[in-house]
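Only heavy atoms go into these numbers, but all of them, side chains included; no hydrogens, no water, no symmetry mates. Being a predicted model, the structure only gives us computed values, none of them experimental.
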Amino acid sequence: MFTKSTWLLPIIILCIITGGSFHAQAQRKKQKAKVDTIHMVTIDSATIRKNIAALAKDSNRIRKSDTSVAILINRIEDYTLMLNEVMSSLRRGFDTVNISNGLPMTDTSLALIKYNIASLGRTPNINDIYTNKVMLEQLQRKLDSWQSTLFSYYDKLVGINDTIYSLRRDSAMRNIPAENELYGFYLGQITNLILKFHAVDSANKINLIRIGLLQNKVANRYIEVSNLYEDMDYRLEQHSANMFARDYRYLWRPHRDSINPLDFFPVLKNSLHKSGKVMGIFFTIQWPVFFVWLLLAVLFSWWVYHNIKRIKQNHTEEEGETILQHTQYLYRFPIACTVVLVTTLSAVLSIRYPILFTEITWLLNATALTFIFRRLLSPTLFRIWLLMIGLLFLYCLNNLLIEVTYAEQWGLLIGSIFSTVLGYRLLKETALNTFAPSRFIRPVIKLFIVTSIFSLVLVIFARVGTAKIMGSSAIVNTVMALSLFTLVKILMEAVYLQVEANKDSSTFISFMDYQDVQRKSKTFLAILAVVGWLIIIARNLYLYDTIHESISDFLSSPHQIGNSDFTFSSVIIFILVIWVSTVASQLIAYMFGSTGQTTSGKKTKFGSALLLLRLAVLAGGVLLAFAASGIPMDKLTIVIGALGVGIGFGLQNVVNNLVSGIILAFEKPIEVGDVIEVGSRSGTVKEIGIRSSKINAPDGSEVIVPNGDLISQQLINWTRTNRTRRVTFLIGVGYGSDVKQVTDIIKSAFTDRKDVLTLPAPVVQLIEFGDNAVNFRVYFWVGDLDNAGTAMSEVLATIYTALNNAGIELPYPQRDLHIRSIDEALMKKWEKPGTDEAV
């Protein structure tokens with residue numbers, strides 16, 4: 001790096017050397033000039049040396065000094081390094097090859113669009129206008145990108161130019177060494193510096209001119225594209241305003257009232273030729289789009305194949321086949337499902353693509369669905385599906401036509417009638433309910449029928465352009481609705497395969513319950529599918545831009561409450577960010593906490609740290625929500641102040657539980673998976689929440705315990721450091737039994753038991769002589785407290801059998817009853833008839 005003062009050095013000598021060259025040339029034409037300037041027209045080392053020597057004789061302009069030799073040499077070296085760096089940058093050049101090679105393609109695209117505009121007749125196709133707009137938008141983006149690149153190059157060249165010419169202002173370079181040897185060394189260095197300066201200056205000027213010319217070409221095309229884009233917007237507005245106006249002749253007047261009589265096949269040929277060119281140009285500009293979709297298909301296919309392979313490896317052939325048979329789509333049709341995934345997402349997201357690309361996406365999607373439905377649908381439904389695919393193909397071909405023809409008008413009429421009849425046939429087909437719920441499929445079919453009838457009415461009244469839009473929208477919306485429904489099932493099956501393939505692994509997926517995941521995600525995916533379907537409907541009816549602009553204007557328009565300004569978009573962003581952070585917090589707890597599927601005795605390694613992570617996510621979400629929505633951060637202080645007032649009045653318990661949760665996270669008296677006792681309740685810790693914690697009780701209930709109770713009350717943690725537990729029970733034998741024999745029998749019950757620990761060893765103690773038995777207390781330890789009940793039951797059964805075999809009595813409770821008096825009437829009832837004895 002060179003400082004500004006360093007940059008100002010050698011060019012001043014160049015200015016001194018070259019500044020008078022043009023003046024010298026003029027003087028030579030009039031008179032013999034004095035040798036006071038250097039003529040630098042021919043740049044070579046000999047000429048430079050000669051001119052410097054001549055200039056050194058002029059003491060008014062050049063000063064000889066020995067005191068500044070070191071400074072001069074250092075500055076010359078610095079300038080030489082700087083010019084070398086600049087020259088290296090210029091030699092690497094600026095990559096404008098793509099821009100230069102892309103300009104002919106831009107000219108070809110503009111020529112094609114101009115030809116289409118010139119050929120638009122009385123009944124232009126809105127698809128053609130929209131395709132032109134899409135192409136112009138793509139060109140506009142490309143040209144804008146080129147302009148940004150060229151402006152950055154131009155700024156660099158201007159900076160280099162300013163750096164070079166700033167060297168002329170270094171007056172220190174007027175000094176030259178007085179000593180002859182130093183002067184010779186200095187002369188060689190300054191000669192090389194001047195040569196480098198002229199080379200850099202020449203290269204920089206060439207690059208400036210080249211970039212400037214290229215900028216001019218790009219700017220001219222950008223202006224032309226912008227003008228054409230505005231023209232397409234105007235034509236679309238005109239089409240929307242005259243959408244229901246008659247644009248062709250009536251069906252019953254084929255030879256009269258001829259607005260635009262064209263033959264079908266020439267129009268079809270020209271339309272296909274034009275669409276092919278547009279598609280080629282679009283692929284040239286937006287080829288990364290195709291690469292992204294291809295990459296998505298490859299990754300999804302690999303994911304599915306990998307999970308299927310793992311399921312087969314982790315299970316026997318019969319078990320693996322049983323698991324895989326639960327997938328109705330992916331296991332049977334993996335390639336078709338991949339095509340459905342990619343094409344459906346592309347159809348939803350391809351808002352700014354040419355009509356031919358969109359139609360290819362539709363047809364690929366329908367073809368993949370046909371392979372799937374061939375085995376899943378009944379023969380009747382599959383035949384109806386094939387008829388719908390035929391209609392889709394005809395409408396796709398019809399959408400490419402640039403102009404309306406009489407044959408196309410009749411085709412629209414027949415197609416709308418056929419679609420209406422087909423829709424009524426689908427409504428009566430009860431087998432359709434086995435494929436999809438009626439609450440989903442019946443509204444779609446009804447919309448299909450209504451749109452087809454509307455298209456029929458429009459074509460009869462010679463509103464051909466709008467009839468084409470309605471007819472195409474009817475069949476496309478129905479096919480894409482079925483595709484979105486199938487896609488939701490495919491994604492659910494993909495999650496199912498992922499869970500089943502990793503059940504035996506140590507990853508968090510092994511803790512996941514597929515039924516729980518399915519229940520939580522199915523609704524979310526269904527909502528996304530409905531939103532995607534509405535987007536497809538709006539785009540097919542060419543209402544998407546209007547709706548998008550209306551919603552954008554509504555959300556971005558400012559509103560005021562008191563002294564605060566806000567927009568609905570900021571409110572939505574605020575709520576959305578808070579919601580996402582909340583969902584992320586819950587997802588973290590689900591994935592890394594206990595899901596109810598944890599194996600007995602298995603504790604999560606994350607423990608209470610999850611609470612801190614969830615708190616961090618929520619706090620970050622709140623701060624991000626304020627920042628993203630544009631709400632001033634000083635408003636947050638107001639909220640915190642209001643919260644402080646609320647705490648003082650009625651939120652003490654909430655804050656107490658919140659702070660207690662943080663204490664639990666840092667102190668870690670309990671962790672997820674611990675077996676604890678709090679008060680009269682006991683169970684396994686399922687979740688340590690922000691305000692409360694969840695405990696799974698042994699009876700199957702789920703106890704919600706406030707975090708404050710876990711801190712303030714006495715807490716027993718049976719698994720804080722280990723899962724061992726001491727088990728105690730009492731046993732009594734009859735009086736007269738051999739105490740040593742009883743003790744040996746009890747101890748023998750613990751021999752060779754895996755659940756019972758040998759260290760500490762079991763202990764048998766005689767504790768008392770009871771009313772009717774000699775009582776012993778027995779202590780033993782188990783390695784896992786979950787096995788304590790089973791171990792004690794087995795030990796007691798063994799002891800009981802051994803005592804019986806040894807003839808040792810296990811006494812019943814005995815009581816002596818003394819009767820002091822009794823009623824005479826009762827005594828008479830107990831006496832036997834004819835005797836004096838009582839019964």
For Ser416, does its backbone N or O pair with a side-chain atom of Thr420 as donor and acceptor, under 3.5 Å? yes
Could you check whether any side-chain N or O of Ser109 sits under 3.5 Å from a backbone N or O of Met105, counting only pairs where one atom can act as donor and the other as acceptor? yes
Apply side chain to side chain contact (heavy atoms under 4.5 Å, CB included) to residues Thr327 and Arg332 and explain how you reach the verdict. CA-CA 8 Å; Thr327 59; Arg332 301 177 184 178; over 6 Å; no
According to the interplanar angle, ranging from 0 to 90°, do the rings of Trp302 and His306 count as parallel (below 30°), tilted (30 to 60°) or perpendicular (above 60°)? parallel
Taking the side chain from Arg383 and the backbone from Leu381, do they hold a donor-acceptor pair closer than 3.5 Å? no
Rounded to the nearest 0.5 Å, what separates atom CG in Leu422 from atom CD1 in Ile417? 13.5 Å
Counting C-beta onward and ignoring hydrogens, is there a side-chain heavy-atom pair between Leu103 and Trp146 closer than 4.5 Å? yes
Do Thr361 side-chain atoms and Ser346 backbone N/O form a donor-acceptor pair below 3.5 Å? no
Non-hydrogen atoms of Ala297 and Thr338 that approach each other most closely: O-CG2, 3.5 Å
Calculate, to the nearest 0.5 Å, the distance between atoms CD1 and CZ belonging to Ile384 and Arg425 respectively. 4.5 Å
Does some side-chain heavy atom of Cys396 sit less than 4.5 Å from a side-chain heavy atom of Leu363? yes
Main chain of Leu394, side chain of Asn398: is a donor-acceptor contact present, judged purely on distance under 3.5 Å? no
Any side-chain heavy-atom pair of Thr370 and Phe373 under 4.5 Å: no
What is the distance from atom CG of Leu412 to atom CG of Leu458, rounded to the nearest 0.5 Å? 10.5 Å
Salt bridge (charged side-chain N to carboxylate O under 4.0 Å, His left out) with Lys133: which residues, sequence neighbours excluded? Asp233, Asp545
If you count heavy atoms of other groups shown closer than 6.0 angstrom to OH of Tyr229, is the number above 12? yes
Is there a side-chain contact between Val488 and Leu528 (heavy atoms, below 4.5 Å)? no
Could you measure the distance from the CD1 atom of Ile475 to the CG atom of Leu391? Nearest 0.5 Å is fine. 5.0 Å
What distance separates Asn307 CG from Tyr496 OH, expressed to the nearest 0.5 Å? 11.5 Å
Would you indicate whether the side-chain heavy atoms of Glu493 and Tyr331 approach each other to under 4.5 Å? no
When you measure from the side chain of Asn399 to the backbone of Tyr395, do you find a donor-acceptor pair of N or O atoms at a distance under 3.5 Å? yes
Out of curiosity, Arg539 CZ to Thr358 OG1, how far, rounded to the nearest 0.5 Å? 6.5 Å
Are Leu296 and Val292 side-chain neighbours, meaning at least one heavy-atom pair lies under 4.5 Å? no
Counting neighbours of NZ on Lys217 that are heavy atoms of other residues, nucleotides or ligands and sit closer than 6.0 Å, is the number greater than 12? no
Could you tell me whether a side-chain N or O of Ser557 sits under 3.5 Å from a main-chain N or O of Phe554, the two making a donor and an acceptor? yes
Counting N and O atoms only, with roles assigned by atom type, does the side chain of Trp533 sit under 3.5 Å from a partner on the main chain of Asn477, one being a donor and the other an acceptor? yes
Do the side chains of Met388 and Leu426 get nearer than 4.5 Å, heavy atoms only? yes
Quick one, Asp107 and Arg221 - any side-chain contact, counting heavy atoms below 4.5 Å? yes
Do Phe290 and Phe357 make the cut of ring centroids closer than 6.0 angstrom? yes
Has Thr466 got a side-chain atom pairing as donor or acceptor with Arg463's backbone, closer than 3.5 angstrom? no
Taking everything shown except Phe393 itself, do over 12 heavy atoms lie less than 6.0 Å from its CZ? no
Heavy atoms of other groups near Ile547 CD1, more than 12 under 6.0 Å: yes
